[in-house]
Amino acid sequence: MNQITIECKKITKRFDLETDENATLRGIDLIAHENETVMLMGPSGAGKTTLLLIIAGMLEQTSGECLILGKAMNSMDQREKTTFRGNAMGFIFQNFNLIPTLTALENVAIPLLLHGYSEKDAYAKAAEFLHSLGLDTQQERTPQNLSGGEQQRVAIARACINKPKIILCDEPTSFLDSERGNKIMTILDDIKKKTNCTLLVVTHDPRILHFANRILEIEDGMIKASREPEALTLTNPPGSV
Amino acid sequence: MYAIALKMLIEDRAKFFGMVISLSFSALIITQQAAIFIGLMRRTYATITDTPQADIWVMDRNIQFIDDVSPLRSTELYRIRSIEGVAWAMPFYKGLIRARLTNGQFQTCNLIGIDDATLIGGPHTMLQGKIEDLRAPDAIIVNKVGAADKLAQNQGYGKSKRPLMVGEQLELNDSRATVVGICDVTRTFQSQPVIYTTYNRALKYAPYERKRLSFILVKAEKGVSPVELCKKITKLTNFATYTKKGFEQLTINYYLTRTGIPINFGLAILLGLLVGAAVTGQIFFNFVTENLKYLGLFSLMGAQRELLAKMTIIQALWIAFLGWGIGSGAGALLGFLTRNTELSFHLPWQLFLATGFAMFAICITVSLVCIRRIYNIELGILFKT
């Protein structure tokens with residue numbers, strides 16, 4: 001059995017501490033392992049992104065325990081959290097969040113520079129990674145000169161270049177068409193297999209569910225169902241609404 | 001990461017140039033206005049600057065600055081000469097006189113009368129003629145700028161003026177004066193021509209007064225401290241005595257405290273500073289606010305808040321450096337291009353540094369305001385579309 005990377009027990013989150021009503025999360029249990037893709041699905045306002053923020057240590061749960069690689073982030077101070085996140089996690093966003101004034105190469109090299117690589121080594125390694133994602137000729141382009149798929153591939157390179165143990169993805173394919181979305185998920189799946197990391201994907205996109213090992217459906221702050229993609233495929237084939 | 005920070009700054013062209021240009025203008029205004037103010041202040045004591053031979057200036061107690069002449073009795077000169085420690089004491093006349101040009105026009109001039117025998121107190125740079133030529137009858141020496149401009153001869157409609165030349169004559173208070181030399185002296189505060197002649201001839205030209213000795217120039221004997229000698233002369237004669245530096249300071253203090261000049265220039269400098277600070281501050285604040293998301297992204301990648309703060313300070317310092325360099329450079333260039341004009345412009349290195357200090361102070365203050373926001377970044381903004 002692969003090692004547990006994310007272990008959330010009875011996580012609750014209330015923004016209004018006076019009342020128990022309108023709780024965003026109501027006792028979420030979630031366990032994810034190495035080399036596993038877990039997808040969180042659910043309607044808007046269900047609490048998917050809140051759970052993601054708690055796992056990333058950007059938000060503190062009201063109660064419950066969340067262990068990331070065996071460590072509770074809510075017991076860390078700001079400095080420790082930043083270091084831990086930088087070493088253990090990679091982030092992929094719906095709107096890519098590439099720095100518009102920097103080239104693709106520079107965007108990808110940033111995590112390496114932050115981890116003490118020399119400029120020369122950082123750019124060489126970033127170029128190599130971009131090459132592996134088929135972005136040879138786009139390295140010197142700024143994000144506005146890249147297509148949506150290319151931008152997301154650059155964002156993936158940036159998130160994965162430090163080989164994080166956990167990659168948190170927030171709607172990574174929602175701005176992409178079906179073909180590009182599949183390509184992005186294929187890349188992420190390959191990286192997961194190569195680096196043995198955990199992929200936690202928040203998505204509304206049914207077209208990519210077949211990449212998941214497990215799908216958790218969240219509704220009203222609770223996990224309503226946990227299923228294998230095959231089970232879902234039988235009733236709701238990818239692409240269905 | 002600092003290179004990345006600078007690239008993020010520079011590649012945001014509109015904001016980058018906006019900040020650099022506003023700071024450059026601010027630095028230019030500060031440098032230019034302050035340099036003109038300093039130049040003007042230096043001109044207020046031009047006569048003292050151009051009389052370097054004297055260690056001490058002796059004068060009436062009521063005098064407030066160099067042009068505020070309250071004459072002494074001529075016999076006071078002998079009292080000063082009798083004081084122990086005085087190597088020499090010479091009369092010095094300073095007053096205003098109307099010169100009548102050959103074309104009938106009048107021009108107010110500074111008339112300076114120096115000791116007839118020794119010619120101490122005379123101009124030290126002669127461009128034409130010799131200072132000894134003052135011993136000729138009706139001889140005067142005129143400064144170059146005065147001769148070329150306000151005392152220049154009008155040659156008729158549509159023709160350029162011809163500078164006053166050696167050998168030509170002027171009428172000073174109905175008396176004939178012959179130009180025997182052209183000298184180079186510091187421009188004066190009121191930009192009037194300067195006319196040098198001997199002390200006794202100056203008294204002849206000047207309107208009659210009961211007391212006529214404007215100042216007494218004193219040289220201290222070797223080994224005697226001018227400051228100590230000043231105290232001694234004051235104690236014995238009850239006159240005001242100043243060293244050269246002291247008299248310059250007295251004159252500057254008068255203009256600083258009794259005129260509106262420092263307020264006018266001070267306001268212009270303050271406005272330059274405020275406009276630079278406001279415009280740069282606003283643009284830089286917007287720049288940081290717009291990039292807050294990306295700074296948050298750096299934080300997610302492992303950048304500590306201190307590093308983000310340092311990156312912001314580096315960006316601010318770079319803008320300050322460029323604004324300072326361009327603005328002060330433009331100010332210095334302006335000074336160089338106007339060096340031979342009426343514009344009083346003096347740019348000492350201290351002013352250059354002070355302008356830099358002001359620019360860096362603006363940018364550091366602005367970046368500190370922005371750093372507060374960086375320390376309170378809400379990382380959740382990255383997940384919002």
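Below, read A as the first sequence line, B as the second, and so on, with proteins coming before strands; counting in each chain starts at 1. Heavy-atom basis, side chains included; hydrogens, waters and symmetry copies ignored.
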- prompt: Under a 4.5 Å heavy-atom cutoff, which of A:Arg79, A:Arg158, A:Glu106, A:Met89 has the most pairs with chain B?
  reply: A:Arg79
Atom group of B:Leu297 that falls short of 4.5 Å from chain A, counting heavy atoms: side chain
field: Residue B:Tyr375 excluded, over 12 heavy atoms near OH under 6.0 Å
entry: yes
A:Arg141, CZ: over 12 other non-hydrogen atoms inside 6.0 angstrom: yes
message: If you compare all heavy atoms of B:Tyr294 against all heavy atoms of A:Leu98, which two are closest, and at what distance to 0.1 Å?
response: CE2-O, 3.5 Å
task: Give a yes or no on this: more than 12 heavy atoms of other residues, nucleotides or ligands lie within 6.0 Å of atom CZ of B:Arg258.
output: no
- request: Residue by residue, scan residues 1-21 of chain B and write down, ordered by number, those that have a heavy-atom distance under 4.5 Å to chain A; if none do, write 'none'.
  value: B:Met1, B:Ala3, B:Ile4, B:Lys7, B:Met8, B:Glu11, B:Asp12
task: Assess whether side chain to side chain contact (heavy atoms under 4.5 Å, CB included) is satisfied between A:Lys81 and B:Leu379, documenting all intermediate values.
output: CA-CA 12 Å; A:Lys81 274 184 193 171; B:Leu379 297 178; over 6 Å; no
- request: Spell out the residues in residues 302-314 of chain B that have some non-hydrogen atom less than 4.5 Å away from a non-hydrogen atom of chain A, in order of number; otherwise answer 'none'.
  value: B:Gly302, B:Ala303, B:Gln304, B:Arg305, B:Glu306, B:Leu307
task: Calculate, to the nearest 0.5 Å, the distance between atoms CE and OG belonging to A:Met58 and B:Ser299 respectively.
output: 8.5 Å
More than 12 heavy atoms of other groups within 6.0 Å of A:Tyr123 OH: yes
- request: Flag yes if more than 12 heavy atoms outside A:His131 fall under 6.0 Å of its NE2 atom; otherwise flag no.
  value: no
- prompt: Would one find more than 12 heavy atoms of other residues, nucleotides or ligands at under 6.0 Å from atom CD of A:Glu179?
  reply: no
- request: Please look at A:Glu171 and chain B and tell me whether the side chain, the backbone, both or neither of the residue comes under 4.5 angstrom of a heavy atom of that chain.
  value: neither
- prompt: Any side-chain heavy-atom pair from A:Asn162 and B:Met301 closer than 4.5 angstrom?
  reply: no
message: Under 4.5 Å from any heavy atom of chain B, what part of A:Thr49 do you find: side chain, backbone, both or neither?
response: side chain
Interface moiety of A:Asn97 toward chain B, non-hydrogen atoms closer than 4.5 Å: both
message: Are there over 12 heavy-atom neighbours, none belonging to A:Phe84, within less than 6.0 Å of that residue's CZ?
response: yes
message: Below 4.5 Å, heavy-atom pairs only: which of A:Leu102, A:Leu53, A:Thr83 has the largest tally toward chain B?
response: A:Leu102
query: Under a 4.5 Å heavy-atom cutoff, which of A:Pro100, A:Gly90, A:Ala56 has the most pairs with chain B?
result: A:Pro100
Atom group of A:Ile110 that falls short of 4.5 Å from chain B, counting heavy atoms: both
query: Considering residues, nucleotides and ligands other than B:Lys293, do more than 12 of their heavy atoms fall under 6.0 Å from its NZ?
result: yes
field: Min side-chain heavy-atom separation B:Phe298-A:Ile99 under 4.5 Å
entry: yes
